[in-house]
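What follows is a single structure, written as structure tokens, with notes after it.
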Amino acid sequence: RDGQGVYTSGDGKWTFDGAWVNDKRQGQGKMAEVSGEYVYIGPYVNDQRHGPAVVQFGDGSVFRGPFVNDVQKGPGELTFKDGRKITGEFLDHMPNGQAVEQSTAGTLNGVWSNGMLNGKVLVTYPNGTRFEGMYASNKRNGIGTDFLSDGSREECNWVNDVRQSPCVRITPDGKRIEYKAPPARRN
């Protein structure tokens, strides 16, 4: 095959519409799963996805970012149908490295591993309050501090998104009040 053309896989699950050179995908092309679950639009080099691309998923989410030798890796942006957006480092369409997630619920800025927050995270809420602390597997785990709108802050240890007693509230004037942790809450 040489030139422009459409190819359907032997099992009928995938199509490719694009350029061919010596029977290999080369240049701009569109690869789509017939079910609509995955559509890649971008360049091919020597039969591999390579370069800046757009990927559309069946759930309505869209990824924009680079592919290298048929693997998606590097800086990108994943936008969800509900408007939520993650911008940063990606591997296989998942945040992997430093990334920021923005939504109507707030902004999460931290280190991701295989699509989950793992490490130090800053969460900023629309009302101006924020949380700074450690996450593991997308949950608060370890020491964390909530900075409240009245100028006070609450320091707690967290296990799987649940505060562990005792916690300490520090008032704007520096007074420290130790208290029993209430159930987990989101600001």
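Position 1 is the first residue of the sequence, and the numbers go up from there. Please read all numbers here as calculations on a predicted model, not as lab measurements.
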Name each donor-acceptor pair under 3.5 Å that joins a side chain in residues 39-60 to protein atoms two or more places apart or in another chain, with its distance.
{"from": "Y40", "atom 1": "OH", "to": "P43", "atom 2": "O", "distance (Å)": "2.7"}
{"from": "N46", "atom 1": "OD1", "to": "K24", "atom 2": "NZ", "distance (Å)": "3.4"}
{"from": "D47", "atom 1": "OD1", "to": "R25", "atom 2": "N", "distance (Å)": "2.9"}
{"from": "D47", "atom 1": "OD1", "to": "R25", "atom 2": "NE", "distance (Å)": "3.0"}
{"from": "R49", "atom 1": "NE", "to": "D70", "atom 2": "OD1", "distance (Å)": "2.9"}
{"from": "R49", "atom 1": "NH1", "to": "Y38", "atom 2": "OH", "distance (Å)": "2.7"}
{"from": "R49", "atom 1": "NH2", "to": "D70", "atom 2": "O", "distance (Å)": "3.0"}
{"from": "H50", "atom 1": "ND1", "to": "N69", "atom 2": "N", "distance (Å)": "2.9"}
{"from": "D59", "atom 1": "OD1", "to": "S61", "atom 2": "N", "distance (Å)": "2.9"}
{"from": "D59", "atom 1": "OD1", "to": "S61", "atom 2": "OG", "distance (Å)": "2.6"}

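- Qualifying salt bridge (Lys or Arg N to Asp or Glu O under 4.0 Å) partners for D11, counting only residues two or more places apart in sequence or in other chains: none.
- Aromatic rings of F63 and F90 (six-membered ring for Trp) have centroids within the 6.0 Å cut-off, being under it.
- Stacking of R1 on the aromatic ring of Y7 is recorded, both the 6.0 Å distance cut-off and the 45° axial limit being met.
- Q72 contributes a side-chain N or O that, together with a main-chain N or O of D92, makes up a donor-acceptor pair within less than 3.5 Å.
- Of the possible donor and acceptor atoms, none in the side chain of N109 sits under 3.5 Å from a partner among the backbone N and O of L122.
- The minimum heavy-atom distance linking T129 with S149 is given by the pair CG2-N, 3.5 Å.
- Relative to the six-membered ring of F131, R140 meets both conditions, a distance below 6.0 Å and an angle of at most 45° to the axis.
- Summarising the geometry of D173 relative to K175, their closest heavy-atom pair is OD1-N, 3.2 Å, with the distance given to 0.1 Å.
- No donor-acceptor pair closer than 3.5 Å links the side chain of T15 to the backbone N or O of T8.
- E37 and S35 form no side-chain donor-acceptor contact under 3.5 Å, judged by distance and modelled atom types alone.
- Judged purely by atom type and a 3.5 angstrom limit, N96 has no side-chain atom pairing as donor or acceptor with the backbone of M94.
- Side-chain atoms of R153 and T145 include no donor-acceptor pair closer than 3.5 Å.
- In this structure a side-chain-to-backbone donor-acceptor pair under 3.5 Å is present from S9 to W14.
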